[in-house]
2 protein chains.
Amino acid sequence: MNKKKVPQGTISRLFEYLRELKNLSIINIRTVSSSELGERLNLSDAQIRKDLGYFGSFGTSGAGYNIEELKKALEKILGKDKAWNICIVGIGHLGSALLGYPGFKDHNLYVAAAFDSDLKKVGRTVGNIIIEPIEKIKSIVSSKRISIAIIATPANTAQKVANDLITSGIECIMNFAPIKLDVPENVKVEDVDLSHALENLTYFANNEK
Amino acid sequence: MNKKKVPQGTISRLFEYLRELKNLSIINIRTVSSSELGERLNLSDAQIRKDLGYFGSFGTSGAGYNIEELKKALEKILGKDKAWNICIVGIGHLGSALLGYPGFKDHNLYVAAAFDSDLKKVGRTVGNIIIEPIEKIKSIVSSKRISIAIIATPANTAQKVANDLITSGIECIMNFAPIKLDVPENVKVEDVDLSHALENLTYFANNEK
DNA sequence: TGGTGTGAATGCCTTCACAGCG
DNA sequence: CGCTGTGAAGGCATTCACACCA
């Protein structure tokens with residue numbers, strides 16, 4: 001078991017492994033080798049063994065990995081065995097879609113609050129969540145023990161919202177606004193800016209053909 | 001001017017530079033140095049100079065970069081001076097939100113078609129786009145010269161959709177489905193899987209505190 | 001003098017290759 | 001014999017450091 005820093009991409013790949021293990025489990029396969037798994041995911045066998053190596057030894061020489069065991073181990077590593085409260089800030093087009101997103105519960109995530117600065121929206125119910133005014137972030141985030149926030153506001157208010165969230169003790173932010181948020185080191189930001197992704201594509205379409 | 005392979009992250013950062021240059025331009029600043037720009041974006045000055053160096057020399061020794069000039073240069077490099085047709089496949093919660101997303105036109109992107117496999121949805125109009133049956137992908141994508149597709153279908157149909165898109169000559173795919181698409185080398189895929197981003201966050205919340 | 005452009009150094013991640021184990 | 005686990009090698013991206021230029 002290696003205590004060195006785990007590389008960026010390793011965590012994302014562990015989730016891919018877990019997804020694929022579930023698929024294999026469904027079709028009643030019991031065991032898989034790193035090369036079989038790699039072939040299914042377009043990754044090298046060495047990559048997979050190395051990634052797993054950061055967290056322990058899960059395989060059997062000559063036989064590969066027991067799928068049920070590895071699944072359990074990965075679920076533990078990745079925090080899939082616990083539930084998390086999340087909130088969504090900014091209930092525009094995107095925020096509304098997220099409020100209705102059925103995939104959260106698959107990951108043990110529960111939308112515990114929603115906020116918007118527009119007083120016309122405040123008080124409305126979407127799904128079974130009441131939209132709260134943005135001023136209540138501080139009280140609600142801490143009282144409901146929300147650890148993950150999704151920012152779906154316009155760029156110009158995102159930093160202010162982030163600041164409020166941080167003083168309320170948020171741990172993680174998923175940021176849809178097209179700006180780089182300035183946050184302390186102990187807060188993790190995951191940027192999911194649609195424009196950004198699209199921009200990468202237009203660059204490719206423009207240059208690589 | 002360097003002809004070597006441009007690193008992964010450089011393109012994304014060029015877009016950040018461009019955004020920030022626009023902000024500076026608005027407040028009537030004419031010139032910026034790599035270190036000033038870096039401070040605003042939380043990046044090192046060397047990083048910025050290196051990134052720009054892949055495409056040419058845009059600065060003046062001792063003075064920094066002329067903002068208007070650099071803006072124009074970046075827009076050209078990044079293909080922001082052209083318009084692109086896109087389509088959206090899978091008009092569920094997410095696909096509908098994307099159809100209503102006002103940000104596309106900011107990037108010169110035009111939604112030229114929408115597809116869904118559910119015949120109850122086919123024929124409906126969202127915004128001013130008629131939802132077409134998924135079987136028409138091949139004919140419409142090529143006839144309307146669509147270069148970018150957004151896949152917002154469930155995971156189990158995403159690969160099939162991708163195959164259809166590829167045979168129709170699509171160049172770029174933005175993939176919201178939680179699977180790794182298998183595509184030829186000349187097609188660029190940008191994964192924007194919400195689950196994936198959320199998973200990274202739960203890992204952080206679980207382990208780094 | 002202040003700031004660019006860029007080879008060289010560093011550091012991180014992936015791939016290689018193989019000893020060792022079941 | 002097949003496959004894991006892991007040091008070593010290799011490759012790619014970022015950072016350093018400085019010659020050179022306005």
Side-chain angles (χ1 to χ4, degrees), chain A residues 1-17 20-21 24 29-74 77 180 200 203, chain B residues 1-17 20-21 24 29-71 73-74 77 180 185 200 203:
Chain A
M1 171 106 185
N2 196 335
K3 272 288 176 189
K4 280 173 61 186
K5 189 175 148 287
V6 179
Q8 261 295 323
T10 294
I11 303 305
S12 311
R13 285 191 299 269
L14 291 184
F15 281 104
E16 291 180 40
Y17 304 160
E20 195 59 30
L21 290 174
L24 291 169
I29 296 178
R30 298 290 206 67
T31 279
V32 70
S33 69
S34 57
S35 51
E36 283 165 346
L37 190 55
E39 207 163 321
R40 290 174 152 264
L41 295 169
N42 276 323
L43 293 167
S44 75
D45 52 338
Q47 177 82 81
I48 290 173
R49 292 199 302 279
K50 190 63 109 181
D51 283 342
L52 295 176
Y54 288 107
F55 299 93
S57 300
F58 307 101
T60 312
S61 295
Y65 300 88
N66 176 298
I67 287 180
E68 288 309 314
E69 273 175 30
L70 186 52
K71 244 177 60 184
K72 289 229 179 70
L74 288 177
I77 293 166
K180 251 272 167 3
N200 282 342
Y203 170 78
Chain B
M1 169 104 185
N2 196 333
K3 272 286 173 185
K4 279 174 61 186
K5 187 175 150 286
V6 178
Q8 261 296 323
T10 294
I11 303 304
S12 311
R13 285 191 299 270
L14 291 185
F15 281 103
E16 291 181 38
Y17 305 160
E20 195 58 31
L21 289 174
L24 291 168
I29 295 176
R30 298 289 205 69
T31 277
V32 69
S33 70
S34 57
S35 51
E36 283 164 348
L37 190 56
E39 207 164 321
R40 290 174 153 264
L41 295 169
N42 277 322
L43 293 167
S44 75
D45 53 337
Q47 177 82 81
I48 291 172
R49 292 199 302 279
K50 188 63 106 179
D51 283 341
L52 296 176
Y54 288 108
F55 300 92
S57 301
F58 307 101
T60 313
S61 295
Y65 301 88
N66 176 297
I67 287 180
E68 289 308 315
E69 274 175 30
L70 186 53
K71 242 177 62 183
L74 288 177
I77 293 167
K180 257 263 169 10
E185 277 217 345
N200 283 342
Y203 170 80

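Convention: sequence-line order gives letters A, B, ...; per-chain numbering from 1.
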Fill in: Over all atoms of both residues, closest heavy-atom pair of A:Phe58 and A:Ala73
CE2-CB, 3.6 Å
Fill in: Whole angstrom value for the distance that separates P of C:dG3 from CG of B:Leu70
16 Å
Worksheet item: Between A:Asp45 (CG) and D:dT6 (P), how many Å, whole number?
Response: 15 Å
Worksheet item: A:Ser35 near the nucleic acid: base, sugar-phosphate alone, or nothing, with a heavy-atom cut-off under 4.0 Å?
Response: nothing
Worksheet item: Would you call B:Tyr65 and B:Leu52 a side-chain contact if the rule is heavy atoms closer than 4.5 Å?
Response: yes
Response to the item:
Closest heavy-atom pair, A:Ile77 versus B:Tyr203, reported as atoms and distance to 0.1 Å, is O-CD1, 3.6 Å
Fill in: Between C1' of C:dC13 and CD1 of A:Ile11, the distance in whole Å
14 Å
Worksheet item: Rounded to the nearest Å, what distance is computed from the CD1 atom of residue A:Ile48 to the C1' atom of nucleotide C:dT15?
Response: 13 Å
Taking N or O atoms only and anything under 3.5 Å, show me the protein contacts with nucleotides 18-20 of chain D, one pair per line.
none

Practice prompt. Indicate yes or no: at least one non-hydrogen side-chain atom of B:Val32 is less than 4.5 angstrom from one of B:Glu20.
Written response: no
Discussion item. Keeping B:Gln47 on the side-chain end and B:Ser44 on the backbone end, is there a donor-acceptor pair under 3.5 Å?
Written reply: no
Worksheet item: When every nucleotide of nucleotides 8-14 of chain D is labelled 5' to 3' by its protein contacts under 4.0 Å (heavy atoms), B for base, S for sugar-phosphate only, - for none, what sequence of letters results?
Response: B----SS
Worksheet item: With side chains defined as the heavy atoms from C-beta onward, is the minimum distance between A:Lys180 and B:Leu43 less than 4.5 Å?
Response: no
Discussion item. Categorize B:Ala63 for me: base, sugar-phosphate, or nothing, with a 4.0 angstrom heavy-atom threshold over every strand shown.
Written reply: sugar-phosphate
Discussion item. What is the separation between atom OH on A:Tyr17 and atom C1' on D:dT4, rounded to the nearest whole Å?
Written reply: 14 Å
Discussion item. Distance check needed: C:dT6 P versus B:Phe55 CZ, whole Å only.
Written reply: 14 Å
Worksheet entry | Sequence neighbours excluded, every pair satisfying salt bridge (Lys or Arg N to Asp or Glu O under 4.0 Å) that has a member inside residues 51-63 of chain A | A:Arg13-A:Asp51
Practice prompt. Could you pick out which residue, A:Thr60 or B:Tyr65, lies toward the 5' side of DNA chain C when each is mapped onto its nearest nucleotide?
Written response: B:Tyr65
Worksheet entry | Separation of atom CZ in B:Phe58 from atom P in C:dT6, rounded to whole Å | 11 Å
Discussion item. With a 4.5 Å cut-off on side-chain heavy atoms, are B:Thr60 and B:Asn66 touching?
Written reply: no
Fill in: A:Lys71 atom NZ, neighbour heavy-atom count above 12 within 6.0 Å
yes
